[in-house]
Peer 1: 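Attaching a single structure in structure tokens format; questions to follow.
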Amino acid sequence: MATETHEAASEMAHDAAQAAGHAAESAGMPQLDFATFGNQIFWLLVTLVVIWWVLSRIALPRIGAVLADRQATIAGDLSAAEDYKAKAKDAEAAYEKALADARRQAQKIVAEARADIQKDLDAATAQADAEISARTVESEARIAEIRAGAMEAVETVAKDTALEIVAALGGKADAKTVGAAINARLKG
Amino acid sequence: MAEEAGTGLVFHPMDQFIVKPLFGDGPVHWYTPTNAMLWMAISVLAVILLLVIGTRGRAVIPTRIQSIAELAYGFIHKMVEDVAGKDGLKFFPYIFTLFLFIVFSNFLGLLPKAFTPTSHIAVTAVLAVLVFVTVTVVGFVKNGASFLGLFWVSSAPLALRPVLALIEVISYFVRPVSHSIRLAGNMMAGHAVIKVFAAFAPLVLMSGIGVVVTPLSIIAITAMYGLEMLVAFIQAYVFTILTCVYLKDALHPHH
């Protein structure tokens with residue numbers, strides 16, 4: 001089987017070589033058939049001129065323009081983005097500033113309010129203090145009055161009581177003497 | 001069995017390169033519409049489809065096809081600018097034309113039954129000679145006689161310079177040859193190899209050995225096809241970047 005295969009293969013190779021040789025003999029290399037050169041060269045030149053014309057008149061300017069357009073668009077977009085970025089930065093700064101201003105304003109308002117309240121408070125305190133001291137003075141006067149009234153009443157009661165007691169004890173007491181005695185006692 | 005295989009297998013790997021008239025069997029005159037013309041015309045249509053129809057929206061946010069067109073534009077534009085310098089950009093439409101023609105010819109040639117114009121030395125030689133002539137003319141117009149300084153390697157020891165100059169002159173004139181044969185040779189070889197493998201593929205119909213050979217040849221065709229996709233792009237890239245390098249020599253001949 002192996003030898004058979006080998007034989008067949010070698011036979012085939014031989015035949016193939018023969019066939020190839022035969023083909024080459026009959027046709028030669030078509031590349032070297034000079035009769036067709038004029039034809040090929042003529043059509044090649046036509047082809048090249050047509051391609052060159054189409055390229056330089058239509059295709060290349062168009063593609064070049066498209067590429068330039070795209071470049072411009074991209075560059076434009078980039079610069080627009082740059083602009084927007086700057087604007088955003090400005091806006092951020094403005095916002096920060098507004099925020100700081102608002103904070104400062106708020107602090108001012110708070111301080112003012114605090115001062116106002118303090119003032120009101122101080123005024124109210126002062127008024128209250130004044131009132132309290134006035135009341136105190138009044139009360140003291142009242143108390144003094146009451147005390148004086150009480151002293152007087154005590155004197156009267158003491159005199160009356162002393163007179164009554166004296167009378168009850170059977171003594172004869174005149175009011176003047178008793179009064180003097182009581183006064184002397186009370187002072188003593 | 002072996003005889004059967006011998007009569008059944010057909011090897012015509014070069015037939016795909018035959019230039020023939022589209023209509024009838026007459027001789028190929030210079031103006032005859034041929035399969036070469038047809039596939040060049042399809043390349044032109046593909047270029048128009050990609051670069052004109054694809055970009056007609058002129059969208060700032062591109063569609064897919066417009067993206068591809070812009071990618072190709074940017075790719076070659078950057079290549080010209082990087083290699084040949086800013087003053088090389090005047091030649092950008094010309095270089096882009098070469099690139100597009102080669103890349104579309106190479107890829108369209110990979111379609112089954114297609115014809116590959118760039119597999120013909122007649123085509124690539126014209127492309128290379130156009131580049132050679134352009135570069136030489138530009139070199140002399142821009143730099144005058146000092147363009148010859150390209151061949152005078154001033155960084156080498158004085159004694160060596162005449163020898164180097166001779167080598168440089170020879171290599172300068174070999175440029176269009178290597179430039180054209182590299183492209184045509186790559187395209188031709190790849191397509192021929194695919195065709196040879198393709199000829200082995202129907203072996204299973206004729207011989208027992210085909211059970212092994214047919215899958216192998218199909219895998220080989222697939223692998224070669226993948227490689228050829230790579231080669232199709234790389235050869236277009238190489239041709240274009242070499243054009244840029246030659247242009248750089250013409251614009252700035254002093255190393």
Side-chain angles (χ1 to χ4, degrees), chain A residues 1 4-24 26-67 69-74, chain B residues 1-3 5-6 9-15 17-19 27-32 34 36-37 40-41 43-44 47-48 51-52 55 58-60 62 66 69-70 73-74 92-94 96-98 100-101 117 119-123 126-127 130 184 188 196 199-200 203 207-209 212-213:
Chain A
M1 180 65 191
E4 193 188 340
T5 309
H6 183 253
E7 257 170 42
S10 68
E11 285 276 347
M12 205 178 61
H14 178 68
D15 286 344
Q18 247 183 358
H22 180 68
S26 65
M29 260 176 76
Q31 277 86 349
L32 298 180
D33 180 2
F34 293 103
T36 66
F37 271 34
N39 180 271
Q40 291 193 67
I41 291 170
F42 169 67
W43 288 117
L44 172 67
L45 293 178
V46 171
T47 302
L48 289 180
V49 168
V50 171
I51 296 180
W52 181 81
W53 189 87
V54 166
L55 286 186
S56 58
R57 285 301 146 92
I58 308 173
L60 298 187
R62 186 188 289 175
I63 296 175
V66 167
L67 291 178
D69 259 15
R70 181 169 314 143
Q71 203 59 40
T73 307
I74 290 170
Chain B
M1 198 174 78
E3 258 159 273
L9 281 180
V10 199
F11 283 88
H12 295 300
M14 303 306 275
D15 281 10
F17 301 119
I18 293 173
V19 177
V28 177
H29 300 295
W30 61 270
Y31 52 82
T32 313
T34 53
M37 183 221 85
M40 287 183 197
S43 299
V44 172
V47 168
I48 291 174
L51 288 172
V52 178
T55 61
R58 299 161 194 258
V60 170
Q66 195 186 321
E70 286 174 9
Y73 178 101
F92 169 57
Y94 176 54
F96 201 28
T97 301
L98 290 178
L100 286 171
F101 172 69
S119 67
H120 273 260
I121 191 72
V123 169
V126 169
L127 295 175
L130 282 177
M188 186 189 79
V196 168
F200 278 111
L203 197 65
S207 150
I209 188 70
V212 180
V213 174

Peer 1: Under 4.5 Å from any heavy atom of chain A, what part of B/Ala59 do you find: side chain, backbone, both or neither?
Peer 2: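 For B/Ala59, the backbone is the part near chain A, not the side chain.
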
Peer 1: Report the distance from atom CD1 of A/Ile51 to atom OG1 of B/Thr97, rounding to the nearest 0.5 Å.
Peer 2: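 Separation between the atoms: 6.5 Å.
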
Peer 1: Dump the intermediate steps for side chain to side chain contact (heavy atoms under 4.5 Å, CB included) on A/Trp43 and B/Val123, then the final yes or no.
Peer 2: CA-CA 9 Å; A/Trp43 288 117; B/Val123 169; over 6 Å; no

Peer 1: Quick check: does any side chain N or O of A/Arg62 sit under 3.5 Å from a backbone N or O of B/Val52, one acting as donor and the other as acceptor?
Peer 2: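 Yes; at least one donor-acceptor contact below 3.5 Å.
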
Peer 1: Identify which part of B/Ala36 has an atom lying under 4.5 Å from any heavy atom of chain A, answering side chain, backbone, both or neither.
Peer 2: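 Answer is side chain: those atoms of B/Ala36 sit under 4.5 Å from chain A.
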
Peer 1: So what's closer than 4.5 Å to chain B heavy atoms on A/Leu45: side chain, backbone, both or neither?
Peer 2: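 Contact with chain B involves the side chain of A/Leu45 alone.
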
Peer 1: With a 4.5 angstrom heavy-atom cut-off, which part of B/Phe17 approaches chain A: side chain, backbone, both or neither?
Peer 2: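 The answer is both parts of B/Phe17.
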
Peer 1: With only heavy atoms counted, which part of B/Ser119 is less than 4.5 Å from chain A, the side chain, the backbone, both or neither?
Peer 2: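 Both backbone and side chain.
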
Peer 1: Given that the side chain runs from C-beta out, which part of B/Pro27 has a heavy atom under 4.5 Å from chain A: side chain, backbone, both or neither?
Peer 2: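 Neither part.
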
Peer 1: Any chance you could measure B/Trp30, atom CH2, to A/Ile41, atom CD1, to the nearest 0.5 Å?
Peer 2: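 Taking CH2 in B/Trp30 and CD1 in A/Ile41, the distance rounds to 13.0 Å.
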
Peer 1: Would a 4.5 Å heavy-atom cut-off, applied to side chains only, mark B/Gln66 and A/Val66 as touching?
Peer 2: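 When only atoms from C-beta onward are counted, A/Val66 and B/Gln66 do touch, with a gap below 4.5 Å.
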
Peer 1: Testing B/Thr32, B/Thr34, B/Val19 one by one against A/Thr36 for a side-chain contact (heavy atoms from CB on, under 4.5 Å), which residue passes?
Peer 2: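 The residue from B/Thr32, B/Thr34, B/Val19 that satisfies side-chain contact (heavy atoms from CB on, under 4.5 Å) with A/Thr36 turns out to be B/Val19.
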
Peer 1: Calculate, to the nearest 0.5 Å, the distance between atoms CE and CZ belonging to B/Met40 and A/Phe42 respectively.
Peer 2: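 If I round to the nearest 0.5 Å, the distance is 11.0 Å.
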
Peer 1: At a 4.5 Å cut-off on heavy atoms, which part of A/Ile58 comes close to chain B: side chain, backbone, both, or neither?
Peer 2: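 When you check distances to chain B, only side chain atoms of A/Ile58 fall under 4.5 Å.
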
Peer 1: Checking A/Leu67 against chain B: side chain, backbone, both or neither under 4.5 Å from a heavy atom?
Peer 2: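 The side chain, not the backbone.
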
Peer 1: Is chain B contacted by the side chain of A/Leu48, its backbone, both, or neither, given a heavy-atom distance below 4.5 Å?
Peer 2: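 Both parts, backbone and side chain.
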
Peer 1: Counting only heavy atoms closer than 4.5 Å, note whether B/Val47 contacts chain A via side chain, backbone, both or neither.
Peer 2: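 Just the side chain, heavy atoms under 4.5 Å.
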
Peer 1: Using 0.5 Å steps for rounding, measure from the CE atom of B/Met14 to the CD atom of A/Gln31.
Peer 2: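 Reported to 0.5 Å precision, the distance equals 4.5 Å.
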
Peer 1: Set out, in order, the CA-CA distance, both residues' side-chain angles and the distance that settles side chain to side chain contact (heavy atoms under 4.5 Å, CB included) for A/Ile63 and B/Leu51, then state yes or no.
Peer 2: CA-CA 8 Å; A/Ile63 296 175; B/Leu51 288 172; 3.5 Å; yes

Peer 1: If I measure from the heavy atoms of chain A, does B/His120 come under 4.5 Å with its side chain, its backbone, both, or neither?
Peer 2: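 Contact with chain A involves both backbone and side-chain atoms of B/His120.
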
Peer 1: Heavy-atom distances under 4.5 Å only: say whether A/Thr47 touches chain B with side chain, backbone, both or neither.
Peer 2: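 Backbone plus side chain of A/Thr47, per the 4.5 Å heavy-atom cut-off to chain B.
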
Peer 1: Identify which part of B/Leu100 has an atom lying under 4.5 Å from any heavy atom of chain A, answering side chain, backbone, both or neither.
Peer 2: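 For B/Leu100, the side chain is the part near chain A, not the backbone.
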
Peer 1: If you tally heavy-atom pairs under 4.5 Å against chain A, which of B/Val212, B/Leu127, B/Val196, B/Leu130 wins?
Peer 2: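 Looking at each option in turn, the highest pair count goes to B/Leu127.
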
